[in-house]
Number of protein chains: 2
Amino acid sequence: MGGARKGSPVTNEPSTSRARAIRPTWVGVDPSQDEAPRPPLTRPRVVRTALRLVDEHGLPALTMRALATDLQVSPMALYNHVRDKEELVDLMVDLVLGEVELSTTAGDSVSQLRAMVHSYHQVLTAHPGLARVYGSQVRIGPNGLRIMERGFGLLLDAGFSPREAADAFFALYTYTVGFHLIGSVDPDYSALPPEQTPSMLAVTPYLSGVHQRGRFEYGLDTLLTGLRTGHPAP
Amino acid sequence: MGGARKGSPVTNEPSTSRARAIRPTWVGVDPSQDEAPRPPLTRPRVVRTALRLVDEHGLPALTMRALATDLQVSPMALYNHVRDKEELVDLMVDLVLGEVELSTTAGDSVSQLRAMVHSYHQVLTAHPGLARVYGSQVRIGPNGLRIMERGFGLLLDAGFSPREAADAFFALYTYTVGFHLIGSVDPDYSALPPEQTPSMLAVTPYLSGVHQRGRFEYGLDTLLTGLRTGHPAP
DNA sequence: ACCTGAACACCGTTCAAGT
DNA sequence: ACCTGAACACCGTTCAAGT
């Protein structure tokens with residue numbers, strides 16, 4: 001309940017266009033005064049703290065008020081660093097997308113594509129609560145653009161036409177994000193008498209965890225096989 | 001703004017276990033009295049009205065208060081017919097899933113599977129706002145179970161093992177629901193200089209509408225081709 | 001059995017005011 | 001430039017009371 005105060009000083013961006021050249025006067029102040037002086041409120045710190053909240057307590061726990069409390073600041077202080085909650089979410093997404101591995105060079109184009117998509121999957125797995133934001137509109141920032149650029153590049157390299165590349169990329173994107181977006185589908189088995197669902201009963205043992213091991217990879221490889229094969233008119 | 005009062009009397013379930021055998025005393029009352037007598041508040045009416053609200057104004061417009069206003073009733077009256085908002089949403093989903101076509105018999109198992117998934121897709125297209133609820137936990141009711149049963153049945157018929165059937169079904173499900181769940185991804189083209197995104201520029205003309213014509217079918221047929229082909233270890 | 005009004009514990013955000 | 005407190009217009013839901 002009491003706000004955790006980790007204060008990870010890592011990953012702080014030192015020289016963006018927003019970081020001004022002013023040195024606040026309190027820099028030389030003795031910090032042993034009373035309590036550890038909380039670091040100044042900055043845009044990256046707001047975003048990183050928001051991400052930590054979501055990682056620890058899920059997306060619904062991210063409210064401007066809770067975030068402000070965690071940062072020991074008034075709710076309105078946040079609005080000096082972020083236009084609104086929507087922008088905050090976009091920034092969180094782009095921060096996380098920066099973790100996606102883009103520089104794999106092993107294998108052919110499709111193999112490299114697989115590596116990137118799988119990395120994307122792992123990143124979303126590492127931040128379970130975050131994927132739900134894709135349900136609302138998301139504005140794709142620089143890191144998202146880099147992913148798209150590489151995806152399209154690899155598909156064009158593989159011989160896809162621009163039109164097919166767009167379709168193929170979107171299929172992979174939909175599947176990957178959808179995998180994490182879909183909460184748990186829990187069937188209400190009492191809704192139908194068992195004798196009406198024989199096939200489901202046969203499959204039931206493999207229904208348990210929606211995010212069962214290897215399940216994402218099965219669909220991913222199915223898609224890639226389909227892309228390699230190409231499909232005749234059905 | 002003034003609440004629309006369509007009052008479609010169709011599709012009213014006449015004999016569920018909840019419909020009791022009591023005939024209210026006011027049944028014989030002359031309706032030409034003052035205004036059209038609003039029909040009694042029932043569970044199906046609550047659910048259908050909620051669905052209409054979502055269809056017309058999107059999921060965010062569905063609040064218990066707005067729904068109550070539309071039904072010309074106090075917010076708390078709804079709770080006599082529905083446990084909470086979560087149950088209301090589950091009921092809406094199942095109502096809509098009843099529209100999915102399950103009785104196609106043309107072609108082989110995989111073709112029939114395609115027909116069902118495509119029908120699922122069309123149903124979600126007809127209720128654009130609704131898909132977003134899959135972002136939260138959804139409890140699968142009778143109509144959802146029937147879809148699962150048929151899907152598993154067709155996959156088992158096609159020779160899939162129970163384990164593969166579960167994986168394959170889930171891949172199709174993820175892709176289909178994900179397609180509708182993902183809002184609009186709108187790239188912030190100003191986030192990166194154009195010379196860093198040459199492939200994206202080449203593909204741009206096909207990026208416009210996320211739900212471009214034929215896009216869903218492309219991914220669906222890619223998946224089905226992959227399923228027919230089977231995939232070697234990549 | 002069904003409905004109501006008032007109240008509780010929340011939201012995101014605007015506004016006016018402080019330094 | 002950055003932060004604050006109070007207020008506004010909302011939420012879903014509980015509770016006590018009405019018929």
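Chain identifiers are assigned alphabetically (A, B, ...) following the order of the sequence lines, protein sequences preceding nucleic acid strands; residue numbering begins at 1 within each chain.
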| Is the distance from OP1 or OP2 of D/dC11 to the nearest side-chain N or O of B/T63 less than 4.0 Å? |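 Answer yes for this pair, as a side-chain N or O of B/T63 is under 4.0 Å from OP1 or OP2.
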| field | Below 4.0 Å: OP1/OP2 of D/dA1 and any side-chain N or O of A/H81 | value | no
| said: Once salt bridge (charged side-chain N to carboxylate O under 4.0 Å, His left out) is applied, what residue pairs with a partner in residues 115-124 of chain A remain, sequence neighbours excluded? | reply: none
Interatomic distance, [X] [atom1] vs [N] [atom2] [rounded to whole Å]:
| X | N | atom1 | atom2 | answer |
| --- | --- | --- | --- | --- |
| A/L71 | D/dT4 | CG | C1' | 15 Å |
| B/R43 | C/dC2 | CZ | P | 12 Å |
| A/N80 | D/dC2 | CG | C1' | 5 Å |

| message | Tell me every residue that passes salt bridge (Lys or Arg N to Asp or Glu O under 4.0 Å) with B/R139, counting only those two or more places apart in sequence or in another chain. | response |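 If we apply the salt bridge (Lys or Arg N to Asp or Glu O under 4.0 Å) test to B/R139, skipping adjacent residues, the hits are A/D186, A/D188.
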| field | By salt bridge (Lys or Arg N to Asp or Glu O under 4.0 Å) - contacts of A/R83 (at least two apart) | value | A/E87
| query | Dot-bracket for DNA chain D, 5' to 3', counting Watson-Crick or G-U wobble pairs under 3.5 Å, with [ ] for crossing pairs and | for inter-strand pairs? | reply | ||.|||||...|||||.||
So does [Y] get a backbone contact from the side chain of [X], meaning a donor-acceptor N/O pair under 3.5 Å?
| X | Y | value |
| --- | --- | --- |
| A/D94 | A/G144 | yes |
| B/T69 | B/R65 | yes |
| B/R215 | A/F170 | no |

| What heavy-atom pair brings A/D84 and A/Y79 nearest, and what distance separates the two atoms? |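 Minimum heavy-atom separation between A/D84 and A/Y79: CA-CE2, 4.1 Å.
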| remark: With sequence neighbours left out, the residues meeting ring-ring contact (aromatic ring centres under 6.0 Å, His included) with B/F216 are B/H121, B/Y175, B/F179
| remark: The contact string for nucleotides 13-19 of chain C, one letter per nucleotide 5' to 3', using protein heavy atoms under 4.0 Å with B, S and - for base, sugar-phosphate only and none, comes out as BBB----
